[in-house]
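Before any comments, here is the structure.
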Amino acid sequence: MAQDRFQAPDYYQLDELLTDEHKLIRDTVRAWVKKEVSPIIEEACQKCEFPKHLVKGLAEIGAFGPYIPVEYGGGGLDQISYGLIMQELERGDSGLRSTASVQSSLVMYPIYTYGSEEQRKKYLPKLASGEWLGCFGLTEPDHGSNPNGMVTNIKDKGDHYVLNGAKMWISNAPFAQIAVVWAKDEEGVIRGLIVERGMKGFTTPETHGKWSLRASATGELVFDNVQVPKENLLPNVKGLKGPLGCLNSARFGISWGAIGAAMDCYDSALRYSKERKQFGRPIGGFQLQQKKLAEMITEITKAQLLTWRLGVLKNENRATPAQISMAKRNNVNMALEIAREARQIHGGMGITGEYPIMRHMMNLESVITYEGTHDIHLLITGMDVTGENAFS
Ligand code: TGC
Ligand code: FAD
């Protein structure tokens, strides 16, 4: 990729809504992404390789468990700080943000929220420091949008459970040391378990051939009569609300992350429109290109306001799952539309790795599908405003 000349758009002076601490955190992550991520990310994506060497740096900048209390190794920060970290990481690459949001919201969050004190002490510091990476197993080959139908199951064998089944499309799976896995017990109640690499019968085959999130490793989780000690069961939650509660946190982070990807596409397109000349003048002087850029900055600004307000509500513990769902859907769709328009502004150059556009666009095709598809989030809002459940 060409030199990273990113300059963040702030059309409505939204920086004034942030504290000095927020700005410091954001600027630290932004500088780290420029220095460590931008120079290597294009090649990592082209080669379809997860840049493992960045894990230590992610831990050092506080990207693992920013809002987990300090006593467990987390950052003890607020939700807006978490959002800003996700925004800056996804400005670099959605795959990198995926690694951090899975670790924070889908592995550390459930252990902190639903786990025992022993589990918190055993796992959280290692996850915060990046010594261990984790993954989250909810989706199955035949149960994606409808996780309640899962068939992965546990059977009580006295001092341990026997786990059988398979999970699919699992971010971080190929190199994760632990997996937070959701399975049904003998009564059909969904329970969470911490499964550790090395347990007999547990394998994590990698998923190949992705055109999206190529710098993030994705895999399956296969459980063939895995003996899981009873102390690895998350004791403090039962039912689908367990995994869905984790998704609230991850979807919140994604709603900020998508803005990062959109800002990068807009910034690149704006600069290109000023530098690229056709018919004897910069293409940014043509009305059709100005329309695209004007719509982009408008949508980014609206999304920034939406997430900032959501962050305030989340800090006050007042953000509803449906509000989070709306922000995830709106902002990811917004970012994908902007990536497509920015690609056009770059002309032929837009399909090359000289610019980040095509990489963001392809990544966002996963982001609009995972953590609940665009359609599922439309139905969540539909249910919230009408009171009618379209799922069943
Ligand atoms: P439903 O009957 O509505 O609810 C069952 C129970 O769950 C409660 N609940 C929630 N609790 C917390 N947060 C939420 N967002 C919740 N939504 C529902 C609900 O109150 C109820 O509780 P209780 O006590 O009455 O039992 O469930 P449903 O089966 O009808 O499903 C609803 C639906 C379709 C919205 C849900 O299944 C859904 O969100 N589906 C989408 C699945 C999804 O998002 N999968 C994501 C997998 S993980 C992933 O993609 C990670 S990618 C990470 C990365 O790389 O960054
Ligand atoms: P399906 O559920 O089969 O949906 C197919 C289509 O049908 C979609 O367009 C959907 O919107 C539509 N549809 C489904 N139900 C309805 C309905 N009721 N009304 C209208 N339309 C409907 N999962 C994890 O558990 N952990 C992870 O770490 C993880 N990481 C991922 C990483 C990547 C790169 C990808 C691509 C996925 C990941 N996922 C993960 C899985 C992801 O959450 C699912 O792909 C997603 O929930 C959709 O499930 P599905 O792919 O089975 O699609």
Side-chain angles (χ1 to χ4, degrees), residues 48 50 86 89-90 93-107 109-110 113-114 133-150 152 166-174 176 179-183 188-190 192 204 206-221 237-258 319-326 328-329 332 362-384 388-392:
C48 217
F50 172 67
M86 296 300 115
L89 292 180
E90 194 144 5
D93 191 78
S94 303
L96 200 66
R97 196 268 308 135
S98 261
T99 297
S101 56
V102 167
Q103 182 89 339
S104 299
S105 287
L106 299 182
V107 181
Y109 174 87
T113 312
Y114 311 136
L133 279 179
C135 66
F136 177 86
L138 180 63
T139 305
E140 298 187 351
D142 293 328
H143 302 94
S145 297
N146 177 26
N148 208 24
M150 71 174 66
T152 297
K167 300 288 177 178
M168 188 179 178
W169 291 118
I170 307 305
S171 301
N172 298 355
V180 170
V181 176
W182 301 93
V189 177
I190 293 175
T204 59
E206 186 159 359
T207 303
H208 295 289
K210 292 181 300 171
W211 283 111
S212 176
L213 285 192
R214 289 165 67 86
S216 158
T218 314
E220 296 165 50
L221 305 177
V237 77
K238 284 183 180 178
L240 190 60
K241 63 176 181 286
L244 293 181
C246 308
L247 297 186
N248 293 334
S249 179
R251 290 167 178 172
F252 170 78
I254 290 172
S255 74
W256 286 81
T320 67
Q323 287 171 333
I324 295 169
S325 160
M326 177 189 281
K328 190 272 183 183
R329 168 176 55 83
V332 177
M362 295 198 302
N363 283 341
L364 288 162
E365 290 291 347
S366 285
V367 184
I368 203 165
T369 291
Y370 68 35
E371 298 276 0
T373 68
H374 188 76
D375 296 335
I376 292 297
H377 287 295
L378 280 169
L379 296 177
I380 290 173
T381 306
M383 179 161 63
D384 199 45
E388 297 285 342
N389 185 341
F391 296 111
S392 53

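What you see is a predicted model; the values in this text were computed from it and never measured. In listed order, ligands and their atoms are each counted from 1.
Within the listing of ligand 2, atoms 43 (O) sit less than 4.0 angstrom from a heavy atom of E371. Distances below 4.0 Å separate heavy atoms of L138 from the following atoms of ligand 2: 25 (O).
The proximity of I170 to ligand 2, defined as any non-hydrogen pair under 4.0 Å, involves the side chain as well as the backbone.
Polar contact with ligand 2: present for S145 (N/O pair, distance under 3.5 Å). The shortest N or O to N or O distance between L213 and ligand 2 is not below 3.5 Å. Taking distance alone, with nitrogen or oxygen atoms compared against 3.5 Å, D375 approaches ligand 2 more closely than that limit. Annotation: H143 places no N or O atom under 3.5 Å from an N or O atom of ligand 2; distance criterion only. Residue-to-ligand polar distances keep L379 apart from ligand 2: every N/O pair is separated by 3.5 Å or more.
Residues L213 and S98 are in side-chain contact: their nearest non-hydrogen atoms beyond the backbone lie under 4.5 Å apart. Contact check for L106 versus L247: side-chain heavy atoms found under the 4.5 Å cut-off.
Protein heavy atoms are absent from the space less than 4.0 angstrom from atom 7 (O) of ligand 2. Put simply, atom 1 (P) of ligand 2 has protein non-hydrogen atoms near it, under 4.0 Å away. Closer than 4.0 Å to atom 24 (C) of ligand 2 lies at least one heavy atom of the protein.
Of all protein heavy atoms, the one lying nearest to atom 26 (N) of ligand 2 is F136 O, 2.9 Å. Atom 48 (C) of ligand 2 has as its closest protein heavy atom T373 CG2, 3.8 Å. When hydrogens are left out, the protein atom nearest atom 49 (O) of ligand 2 is G144 CA, 3.3 Å; that is the closest non-hydrogen contact. Looking from atom 30 (N) of ligand 2 to the surrounding protein, the closest heavy atom is W169 O, 2.7 Å. Counting protein heavy atoms only, atom 16 (C) of ligand 2 is closest to I376 CD1, 4.0 Å. The nearest heavy-atom contact from the protein to atom 28 (O) of ligand 2 is S171 N, 3.0 Å. Summary of contacts: the protein heavy atom closest to atom 33 (C) of ligand 2 is Y370 CD2, 3.7 Å. Looking only at protein heavy atoms, the nearest one to atom 41 (C) of ligand 2 is T139 OG1, 3.3 Å.
Using modelled atom types, one side-chain atom of Q103 and one backbone atom of G134 make a donor-acceptor pair closer than 3.5 Å. A donor-acceptor pair is defined here as one N or O able to donate and one able to accept, closer than 3.5 Å; no such pair exists between the side chain of E365 and the backbone of M362. With hydrogens and angles ignored, the 3.5 Å screen pairs no side-chain donor or acceptor of K167 with any backbone N or O of F136. The backbone N or O of E371 sits less than 3.5 Å from a side-chain atom of R251, completing a donor-acceptor pair. Of the possible donor and acceptor atoms, none in the side chain of S249 sits under 3.5 Å from a partner among the backbone N and O of G245. Side chain of S255 to backbone of F252: a donor-acceptor contact under 3.5 angstrom is found. A donor-acceptor pair is defined here as one N or O able to donate and one able to accept, closer than 3.5 Å; such a pair exists between the side chain of R214 and the backbone of K210.
The two atoms that bring C135 and L221 nearest to each other are SG-CD2, 3.9 Å, heavy atoms only.
Checking T152 against E140 by side-chain atom types alone, a donor-acceptor pair falls below 3.5 Å. Using modelled atom types, one finds a donor on one side chain and an acceptor on the other under 3.5 Å when comparing S366 with S212. T139 and Y370 are not linked by any side-chain donor-acceptor pair at a separation below 3.5 angstrom, with hydrogens and angles left out of the test.
For M150, the CE atom sits in a packed shell: over 12 heavy atoms of surrounding residues, nucleotides or ligands are nearer than 6.0 Å.
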If you look at each N/O of ligand 1, which protein N/O atoms lie under 3.5 Å away, and at what distance?
unit_1	atom_1	unit_2	atom_2	d
ligand 1	13 (N)	N248	ND2	2.9
ligand 1	15 (N)	N248	OD1	2.8
ligand 1	39 (O)	R251	NH2	3.1
ligand 1	40 (N)	S145	O	3.0
ligand 1	44 (O)	R251	NH2	2.8
ligand 1	44 (O)	G372	N	2.8
ligand 1	50 (O)	E371	N	2.8
ligand 1	55 (O)	S98	OG	2.8
ligand 1	55 (O)	S171	OG	2.7
ligand 1	56 (O)	R97	NH1	3.2
ligand 1	56 (O)	S98	OG	3.1
ligand 1	56 (O)	Y370	OH	3.3

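Residues satisfying the side chain to side chain contact (heavy atoms under 4.5 Å, CB included) criterion with T369, sequence neighbours excluded, are T373.
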